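Here is the structure we will look at.
Since the model is a prediction, treat every value here as computed from it, not as a measurement.
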Amino acid sequence: MKIPKEKLRSTLINLGALIIAFIVLVILVKGNLISSYIQGIIVLACINIILTTSLNITTGFLGQIALGHAGFLAIGAYTSALISMSLKSFAMPDMARFFIAVLGGGIFSGFCGVLVGIPALRLRGDYLAIITLGFGEIIRVIIQNLKITGGGKSLIGIDNLSNIYVIFWITALIVGVLFTFVRSRYGRAILAIREDDIASESSGLNNTFFKVLAFSIAAFFAGIAGGIFAHHLTVLNASGLGFMKSTEYVVMVVLGGMGSLTGSVLSAIILTILPEALRAFSKYRMLLYSIVLILVMIFKPSGLLGTYEFSLTKFIDKYILRKPKDASSKVQYIQDEKKDGVINE
């Protein structure tokens, strides 16, 4: 299949920007210009980016309120940790063990997402929120009562395998996959369901299939984030992965903009850095944190970016190359999309 020139150019520009950002990161780390504390914040920001962008698929693009995302994080974290600990006896490189464990956590979390999504997504609105909230709490209680997960105690003995360079590329890959998914025919079907559930189903869409698909994809990537989370903290305690943790990720999605992956990335970074930046004001840290969120919701209720997606290619064309708007190029792009079957006649 021939790739349209505009799409190829945009892909190369974005890849080039990622490579430049990675080189800067390597220089900062190798030159000891950022401390291990800052590196830890970067890793946590990457984890939150994965969780927020994946939740936005369900909450923002599908339009279904889900309050159990921390449950999938917990499933992925504990599954990944147990796989990693069981593979210690095998002679294999640490990175191979890390990838197997993280992928295993994501797959099992995605499987649980399917099991929960099939019955839950037949409901809508507040009913779905209550169901997913209950699921998250059930997962937390089950984990706290299983011997294999440490019971009421913390699960310890997890190796710190979180390499900041690997996590950077995992995060970039996942965000890129989610962008591609949203722009695919499956993503457009999900948007159609969000806009009008009844009209989309009457048009021939299998609403249940697309809802479960979006829900399971969000759960899979939440499990991936959980695997990274486990190998970064090295100690897991399910008591901190309950309702309040799920609420944090919902807040990140709403703050960034429901329906904007760029907004989710931005809000995840801001809400990861903000509590750490206000740590000096420990007595008033949560108060200031809440005030910032309230002000954003008052003056920008649609979120920081709403449904807007930042395009590096358009930014370069407009502000650096200063290209005039060319209607013919847009027409040619649409024709190329039709030829590739991306846009239906």
**Item:** I320 atom CD1, neighbour heavy-atom count above 12 within 6.0 Å
**Value:** yes
Extract all donor-acceptor atom pairs below 3.5 Å that involve side chains of residues 169-182 and protein atoms in other chains or at least two apart in sequence.
| residue | atom | partner | partner atom | Å |
| --- | --- | --- | --- | --- |
| T171 | OG1 | I167 | O | 2.8 |
| T180 | OG1 | G176 | O | 2.9 |

**Prompt:** For L51 and A225, which heavy atoms make the closest approach, and how far apart are they?
**Reply:** CG-CB, 3.7 Å
**Message:** With a 6.0 Å cut-off on the ring centroids, do F72 and F215 count as close?
**Reply:** yes
**Message:** For a quick check under 3.5 Å, do T272 and N48 share a side-chain donor-acceptor pair by atom type?
**Reply:** yes
**Request:** Go through the steps to decide whether S239 and Q144 satisfy the test side-chain contact (heavy atoms from CB on, under 4.5 Å), and finish with yes or no.
**Result:** CA-CA 8 Å; S239 61; Q144 288 181 320; 3.6 Å; yes
Could you pull out every donor-acceptor pair under 3.5 Å between side chains of residues 128-135 and any protein atom, sequence neighbours left out?
| residue | atom | partner | partner atom | Å |
| --- | --- | --- | --- | --- |
| T132 | OG1 | L67 | N | 2.9 |
| T132 | OG1 | L128 | O | 3.0 |
| T132 | OG1 | A129 | O | 3.0 |

**Request:** Would you please name every residue forming a ring pair (Phe, Tyr, Trp, His ring centres under 6.0 Å) with F168, sequence neighbours left out?
**Result:** F22
**Prompt:** Yes or no on side-chain contact (heavy atoms from CB on, under 4.5 Å) for I198 and D196, after CA distance, side-chain angles and deciding distance?
**Reply:** CA-CA 6 Å; I198 297 174; D196 196 320; 3.8 Å; yes
**Request:** Without swapping roles, check the side chain of S86 against the backbone of I83 for a donor-acceptor pair under 3.5 Å.
**Result:** yes
**Atom pair OG1/NZ of T313 and K7 - distance to nearest 0.5 Å** = 12.5 Å
**Asked** Distance only, no hydrogens: is a donor on one side chain within 3.5 Å (strictly under) of an acceptor on the other, for S200 and N207?
**Response** yes
**Request:** Start with the C-alpha gap between Y186 and F61, add the side-chain angles, then the distance that decides, and say whether ring-ring contact (aromatic ring centres under 6.0 Å, His included) holds.
**Result:** CA-CA 11 Å; Y186 297 102; F61 292 93; over 10 Å; no
**Prompt:** Taking the side chain from N163 and the backbone from Y165, do they hold a donor-acceptor pair closer than 3.5 Å?
**Reply:** yes
**Asked** Do any N or O atoms from the side chain of T234 and from the backbone of H231 form a donor-acceptor pair under 3.5 angstrom?
**Response** no
**Any donor-acceptor N/O pair, T52 side chain to I49 backbone, under 3.5 Å** = no
**Asked** So do L236 and I143 actually touch side chain to side chain, heavy atoms under 4.5 Å?
**Response** no
**Asked** Rounded to the nearest 0.5 Å, what separation is found between the CG atom of L305 and the NZ atom of K300?
**Response** 7.5 Å
**Asked** Could you state the interatomic distance from CG (L312) to CZ (F310), rounded to the nearest 0.5 Å?
**Response** 5.0 Å
**Message:** Could you check whether any side-chain heavy atom of I100 comes within less than 4.5 Å of a side-chain heavy atom of M92, counting everything from C-beta outward?
**Reply:** yes
**Request:** Would you check if the side chain of S260 reaches a backbone N or O of G256 as a donor-acceptor pair within less than 3.5 Å?
**Result:** no
**Asked** Is there a donor in the side chain of H69 and an acceptor in the side chain of S54, or the other way round, less than 3.5 Å apart?
**Response** yes
**Asked** Can you tell me if CD1 on I298 sees more than 12 non-hydrogen neighbours from other groups inside 6.0 Å?
**Response** yes
**Request:** Using distance alone, with no hydrogens and no angle criterion, decide if T58 and Q64 have a side-chain donor and acceptor under 3.5 Å apart.
**Result:** no
**Request:** Give the C-alpha distance, both sets of side-chain angles, the deciding distance and a yes or no for side-chain contact (heavy atoms from CB on, under 4.5 Å) between F111 and I107.
**Result:** CA-CA 6 Å; F111 174 71; I107 292 172; 5.6 Å; no
**Item:** G113 to A219 - nearest heavy-atom pair and separation
**Value:** CA-CB, 3.8 Å
**Prompt:** Yes or no on side-chain contact (heavy atoms from CB on, under 4.5 Å) for I50 and I228, after CA distance, side-chain angles and deciding distance?
**Reply:** CA-CA 10 Å; I50 296 172; I228 299 172; 4.0 Å; yes
**Prompt:** Quick one: are V29 and L25 in side-chain contact, heavy atoms under 4.5 Å?
**Reply:** yes
**Request:** Give a yes or no on whether K88 atom NZ has more than 12 heavy-atom contacts from other residues, nucleotides or ligands under 6.0 Å away.
**Result:** yes
**Request:** Using a strict 4.0 Å threshold on nitrogen-to-oxygen distance, state whether R97 and D94 make a salt bridge.
**Result:** yes
